[in-house]
> 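A single structure is presented below for examination.
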Amino acid sequence: KMCVIKKRAFNETKQYAFLSTGNFNENTAAYYGDHCLMTTNKNIIADVNKIFSYLENPAKYGNNLPACKMLPVSPTNMRAQMKALIESEIKVALKKKPSSIKLKLNSLVDAELINALYEAAKEGVDVKMVIRGICCAYTKQKSFKKNIYALSIIDDYLEHARVFIFGNGGNPNIYISSADWMIRNLDHRIEVACPIYNAEIKEELLKIMEIQLAENVKGRLLDNDQDNEYIEPKEDEAAVRSQVAIYNYLKNKTYSL
């Protein structure tokens, strides 16, 4: 979800782009967990303006969506770009180097991207996922060098964010998005993913994902058996209720942005 803010000051207009993984609703904002980015990155702003121009007049600006340079956009190229990022991780794994994919989604349904994740698992890419709703992927197959780890977190706040993290040899490529990996999002809607460049924001998103993948109080394991059993702390392992742990992490964080 996106908006452009234009500020007029001293005869100069400055633009800001605001991109969110959730909808702009003051009611659901009270209990939906989302990520939002406000940026003055001129290239991102240019893409957002291209998308709005297309929405206002598709006949006139029909080429605007594929012309976006920074934002993967559905239905034009988001699936292809996500697949390319998965394939990049496979190339890293084939060089016997650490490779990883971490995904946070409401639902994982798209067959083409699921098959790409299977190919990654076959080559030993470390694939971990937080999927709140529908998950159509097997997490274990004999052909996998490394099994996929997937869990669903259901707690006081609705897990609504979409985050895509690709290891990229230690310099992660990170995106936030409104799009689930579903046919309806990738083929039948106009949605975007937004790259994150700021080092401190990247660090924060990585930490939040780390906390969520450690969830063992309100998390259910998603596996081939579809039992959806609660994940419980192992012996001598601390209990991690991720929504509380993330609150405490953010509360104690000192920002320099």
Side-chain angles (χ1 to χ4, degrees), residues 1-78 80-82 85 104-106 157-165 171-180 184-186 188-209 246-247 249-257:
K1 306 300 184 284
M2 310 179 304
C3 74
V4 173
I5 302 164
K6 294 183 179 181
K7 177 182 177 181
R8 184 77 173 170
F10 304 106
N11 296 319
E12 182 181 355
T13 299
K14 188 165 186 177
Q15 295 190 55
Y16 307 83
F18 186 83
L19 299 101
S20 171
T21 64
N23 56 8
F24 298 146
N25 184 301
E26 61 270 23
N27 293 321
T28 58
Y31 56 91
Y32 278 31
D34 280 294
H35 296 299
C36 306
L37 175 73
M38 181 177 284
T39 179
T40 57
N41 184 298
K42 293 181 179 180
N43 294 321
I44 291 176
I45 293 170
D47 280 359
V48 173
N49 281 320
K50 287 175 188 174
I51 295 167
F52 279 129
S53 294
Y54 171 83
L55 291 170
E56 291 169 359
N57 193 333
K60 182 177 180 181
Y61 298 104
N63 294 322
N64 273 23
L65 299 188
C68 289
K69 297 179 180 179
M70 304 292 289
L71 306 179
V73 183
S74 64
T76 56
N77 63 10
M78 188 183 298
Q81 291 203 34
M82 293 301 109
L85 287 162
K104 180 174 169 62
L105 295 159
N106 285 347
Y157 299 97
L158 183 75
E159 295 289 345
H160 195 248
R162 290 85 163 183
V163 182
F164 317 143
I165 302 173
N171 182 25
N173 290 315
I174 302 179
Y175 295 80
I176 62 172
S177 181
S178 61
D180 287 305
R184 72 179 189 187
N185 300 84
L186 300 173
H188 303 301
R189 294 180 179 175
I190 296 172
E191 302 208 42
V192 306
C194 179
I196 302 297
Y197 296 115
N198 179 277
E200 189 168 355
I201 297 174
K202 291 175 74 170
E203 178 187 352
E204 182 175 295
L205 288 170
L206 288 167
K207 182 62 177 179
I208 289 173
M209 183 68 83
I246 290 168
Y247 171 82
Y249 164 68
L250 294 174
K251 182 180 66 174
N252 295 318
K253 185 172 171 54
T254 302
Y255 288 91
S256 61
L257 300 178

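These numbers were taken from a predicted model, which means no experiment stands behind them.
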> Please name the pair of heavy atoms, one in F164 and one in A193, separated by the smallest distance, quoted to 0.1 Å.
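Of all heavy-atom pairs spanning F164 and A193, the closest is CE1-CB, 4.2 Å.
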> Do V73 and Q81 have side chains that get closer than 4.5 Å, going by heavy atoms?
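In short, these two side chains do not touch, never coming nearer than 4.5 Å.
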> Sequence neighbours excluded and cut-off under 3.5 Å, please list the side-chain donor-acceptor pairs for residues 36-51, or say none.
residue	atom	partner	partner atom	Å
T39	OG1	N41	N	2.9
N41	OD1	N43	N	3.0
N41	OD1	I44	N	3.0
D47	OD1	K69	N	3.1
D47	OD2	K69	N	3.0
D47	OD2	M70	N	2.5
D47	OD2	L71	N	3.0
N49	ND2	Q15	OE1	3.0
N49	ND2	I45	O	3.3
K50	NZ	A67	O	3.2

> Quick one: closest heavy-atom pair of P172 and I165, and the distance?
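Of all heavy-atom pairs spanning P172 and I165, the closest is CB-CG2, 4.2 Å.
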> Under the side-chain contact (heavy atoms from CB on, under 4.5 Å) rule, what do M209 and L205 come out as? Steps first, then yes or no, please.
CA-CA 6 Å; M209 183 68 83; L205 288 170; over 6 Å; no
> For the backbone of V192 and the side chain of S177, can you confirm whether one donor and one acceptor N or O come within less than 3.5 Å of each other?
yes
> Over all heavy atoms of both residues, which pair between R162 and S178 is shortest? Give the atoms and the distance, please.
CZ-O, 3.2 Å
> OG1 of T76 to CG of N63: how many Å apart, nearest 0.5 Å?
11.0 Å
> State whether the number of non-hydrogen atoms from other residues, nucleotides or ligands found under 6.0 Å of F18 atom CZ is greater than 12.
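Above 12, so yes.
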> Taking it one step at a time, do N25 and Y32 satisfy side-chain contact (heavy atoms from CB on, under 4.5 Å)?
CA-CA 10 Å; N25 184 301; Y32 278 31; over 6 Å; no
> State, yes or no, whether a side-chain contact exists between H35 and I208 at a heavy-atom distance under 4.5 Å.
yes
> More than 12 heavy atoms of other residues, nucleotides or ligands under 6.0 Å from OH of Y61: yes or no?
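For Y61, atom OH is not crowded (no more than 12 foreign heavy atoms under 6.0 Å).
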> Looking at CG of D180 and CG of L105, how far apart are the two atoms once the value is rounded to the nearest 0.5 Å?
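Those atoms lie 5.5 Å apart.
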> For the OH atom on Y247, are there more than 12 heavy atoms of other groups (residues, nucleotides or ligands in this structure) within a distance under 6.0 Å?
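Atom OH in Y247 is not packed in, count stays at 12 or less.
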> Taking side-chain contact (heavy atoms from CB on, under 4.5 Å) as the criterion, tell me which of I201, I174, I196, V163 meets it with L206.
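Testing L206 for a side-chain contact (heavy atoms from CB on, under 4.5 Å) against I201, I174, I196, V163 leaves exactly one candidate, I174.
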> For the residue pair M78 and A179, what are the closest heavy atoms and their distance?
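In terms of heavy atoms, the two residues are closest at SD-CB, 3.8 Å.
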> For a 4.5 angstrom cut-off between non-hydrogen side-chain atoms, does M82 reach P72?
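They are in side-chain contact.
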> Compare every heavy atom of Y249 with every heavy atom of E203, then report the nearest pair and how far apart it is.
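In terms of heavy atoms, the two residues are closest at O-OH, 4.2 Å.
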> Taking S74 for its side chain and N185 for its backbone only, find out whether a donor-acceptor pair lies under 3.5 Å.
yes
> Run the numbers on K202 and N171 for side-chain contact (heavy atoms from CB on, under 4.5 Å), then give the verdict.
CA-CA 10 Å; K202 291 175 74 170; N171 182 25; 3.6 Å; yes
> Side-chain atoms of residues 3-14: list all donor-acceptor pairs with protein atoms under 3.5 Å, sequence neighbours left out, distances to 0.1 Å.
residue	atom	partner	partner atom	Å
R8	NH1	T13	OG1	2.9

> For E200 and K253, run side-chain contact (heavy atoms from CB on, under 4.5 Å): C-alpha distance rounded to whole Å, both residues' side-chain angles, the deciding distance at 0.1 Å, then the answer.
CA-CA 11 Å; E200 189 168 355; K253 185 172 171 54; 3.8 Å; yes
